[in-house]
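So the structure is just underneath, and the comments pick up after that.
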Amino acid sequence: MRLLTHNMLSCNIKGVTNGFPLGLEIVKHEVKEVEFNSDFIRNMFVKIEWKALVDAAKSMGYEELPEEVDSSMLESDEFLKRFHHALLELHLEEGALVCPETGRKFPVVKGIPNMLLNEDEV
């Protein structure tokens, strides 16, 4: 699961008001090379919750993203490549996504998160 996906997911358990960002429990992660597309990365910038991305990347050992950003940074190829790496090339292969409010764990197996809710959670 790419960090792009992680940045879009939230916990939808009934009654949860603070379901984002999901925590990461990492058993296995990989780096998978993806072709760089600067236009795609620039367009994704406004859709990303930056702090959640930085925290998720750090949990995978990637410390190259700045804590604070602004749109002027989109002119820097170095920044775009670091953003691209974190967003698209870091993959959670095995582990869990954790609801920040309830602690409920959603398993990630072979890079696929299982966000199905139990009957009592709907």
Side-chain angles (χ1 to χ4, degrees):
M1 179 190 75
R2 293 177 175 156
L3 294 187
L4 170 62
T5 304
H6 171 261
N7 204 271
M8 303 290 170
L9 294 175
S10 64
C11 180
N12 291 313
I13 295 173
K14 176 177 58 180
V16 169
T17 57
N18 182 29
F20 181 86
L22 294 165
L24 291 176
E25 285 189 359
I26 301 166
V27 173
K28 178 183 175 190
H29 77 280
E30 295 180 356
V31 175
K32 297 181 182 180
E33 197 169 315
V34 175
E35 185 178 335
F36 178 68
N37 179 331
S38 60
D39 291 333
F40 176 79
I41 295 300
R42 281 187 187 97
N43 289 330
M44 288 307 300
F45 181 76
V46 297
K47 297 174 173 75
I48 296 298
E49 171 57 48
W50 191 257
K51 182 173 178 353
L53 176 64
V54 170
D55 291 346
K58 282 182 179 179
S59 73
M60 291 189 177
Y62 187 67
E63 307 263 345
E64 301 300 316
L65 294 176
E67 295 289 330
E68 307 264 328
V69 291
D70 62 66
S71 59
S72 70
M73 298 173 90
L74 297 174
E75 300 306 314
S76 163
D77 281 344
E78 183 180 337
F79 169 74
L80 291 175
K81 287 178 180 175
R82 289 177 180 179
F83 182 24
H84 161 87
H85 180 72
L87 198 63
L88 300 176
E89 294 183 332
L90 297 177
H91 287 252
L92 174 61
E93 289 297 314
E94 305 289 334
L97 302 173
V98 183
C99 174
E101 189 172 315
T102 67
R104 161 76 144 82
K105 294 180 182 181
F106 299 94
V108 177
V109 179
K110 296 182 182 176
I112 301 170
N114 180 349
M115 300 292 293
L116 293 174
L117 299 176
N118 297 322
E119 207 171 289
D120 63 331
E121 296 173 320
V122 185

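What's counted below: heavy atoms across the whole structure, side chains too, no hydrogens, waters or symmetry copies.
Side-chain atoms of S59 and I26, non-hydrogen and from C-beta on, do get closer than 4.5 Å to each other. Side-chain atoms of E94 and V109, non-hydrogen and from C-beta on, do get closer than 4.5 Å to each other. Under the 4.5 Å side-chain criterion, counting only non-hydrogen atoms from C-beta, N114 is not in contact with V108. Residues L24 and H29 have side chains not in contact (no heavy-atom distance under 4.5 Å, counting atoms from C-beta outward). Residues P100 and L22 meet the side-chain proximity criterion, which asks for heavy atoms closer than 4.5 Å.
In the hydrophobic cluster analysis, where Ile, Leu, Val, Met, Phe, Trp and Tyr join through side-chain heavy atoms closer than 4.5 angstrom, L116 is grouped apart from L97. Residues M73 and W50 share a single hydrophobic cluster, defined by chaining ILVMFWY side chains whose heavy atoms lie under 4.5 Å apart. L53 is not connected to F20 by any chain of hydrophobic side-chain contacts under 4.5 Å among Ile, Leu, Val, Met, Phe, Trp and Tyr, and they are in different clusters. Hydrophobic clustering places F83 together with V31 (ILVMFWY residues linked when any side-chain heavy atoms are closer than 4.5 Å, directly or through intermediates). By the criterion of side-chain heavy atoms lying less than 4.5 angstrom apart, applied directly or through intervening Ile, Leu, Val, Met, Phe, Trp or Tyr residues, V69 is grouped together with F40 in one hydrophobic cluster.
Counting only residues at least two apart or in different chains, side-chain hydrogen bond (donor to acceptor under 3.5 Å, both in side chains) contacts with residues 96-113 comprise T17-E101, E25-K105, R104-E121. Within the structure, every pair that satisfies the ring pair (Phe, Tyr, Trp, His ring centres under 6.0 Å) test and touches residues 54-73, not counting sequence neighbours, is listed here: Y62-H85.
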### H6/L92 under side chain to side chain contact (heavy atoms under 4.5 Å, CB included): CA gap, chis, key distance, verdict
CA-CA 9 Å; H6 171 261; L92 174 61; over 6 Å; no
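In this structure, H91 has no ring pair (Phe, Tyr, Trp, His ring centres under 6.0 Å) partners at least two apart in sequence or on a different chain. Taking the ring pair (Phe, Tyr, Trp, His ring centres under 6.0 Å) definition, one finds that H84 meets it with F36, sequence neighbours left out. Contacts of E67 classified as side-chain contact (heavy atoms from CB on, under 4.5 Å), with partners at least two apart in sequence or in another chain: V54, K58. By the side chain to side chain donor-acceptor pair (under 3.5 Å) test, D70 is found to be paired with S72, residues two or more places apart in sequence or in another chain being considered. Every residue meeting the side-chain contact (heavy atoms from CB on, under 4.5 Å) condition with D39, not counting sequence neighbours, appears here in chain and number order: N37, R42. Under the rule for a side-chain contact (heavy atoms from CB on, under 4.5 Å), the partners of K47 that lie at least two apart in sequence or sit in another chain are M8, M44. Evaluation of the side chain to side chain donor-acceptor pair (under 3.5 Å) rule for D55 yields K51 as partners, not counting sequence neighbours. Residues that satisfy the salt bridge (Lys or Arg N to Asp or Glu O under 4.0 Å) test with K81, not counting sequence neighbours, are absent from this structure. Checked against side chain to side chain donor-acceptor pair (under 3.5 Å), E49 has no partners two or more places apart in sequence or in another chain. Qualifying salt bridge (Lys or Arg N to Asp or Glu O under 4.0 Å) partners for E78, counting only residues two or more places apart in sequence or in other chains: R82.
Here L117 contributes atom CG and F106 contributes atom CZ; the two are 5.5 Å apart, rounded to the nearest 0.5 Å. Here NZ of K14 is found 13.5 Å from CG of N12. Values are rounded to the nearest 0.5 Å. Distance check, rounded to the nearest 0.5 Å: CG of D120 to CD1 of I13 gives 8.5 Å. Note: M60 CE to E89 CD = 12.5 Å, rounded to the nearest 0.5 Å. Separation of atoms CD1 (I48) and CG (N7) is listed at 4.0 Å; rounding is to 0.5 Å. Note that the CD1 atom of I112 and the OG1 atom of T5 stand 11.0 Å from one another [nearest 0.5 Å].
When every heavy atom of G103 is checked against every heavy atom of V98, the shortest pair comes out as O-CG1, 3.7 Å. The two atoms that bring V16 and C11 nearest to each other are CG1-O, 4.1 Å, heavy atoms only.
By the neighbour-count criterion of 12 heavy atoms within 6.0 Å, atom CD of E35 is sparsely surrounded, having that number or fewer from other residues, nucleotides or ligands.
Ring geometry for F45 versus F79: interplanar angle over 60°, hence perpendicular rather than tilted (30 to 60°).
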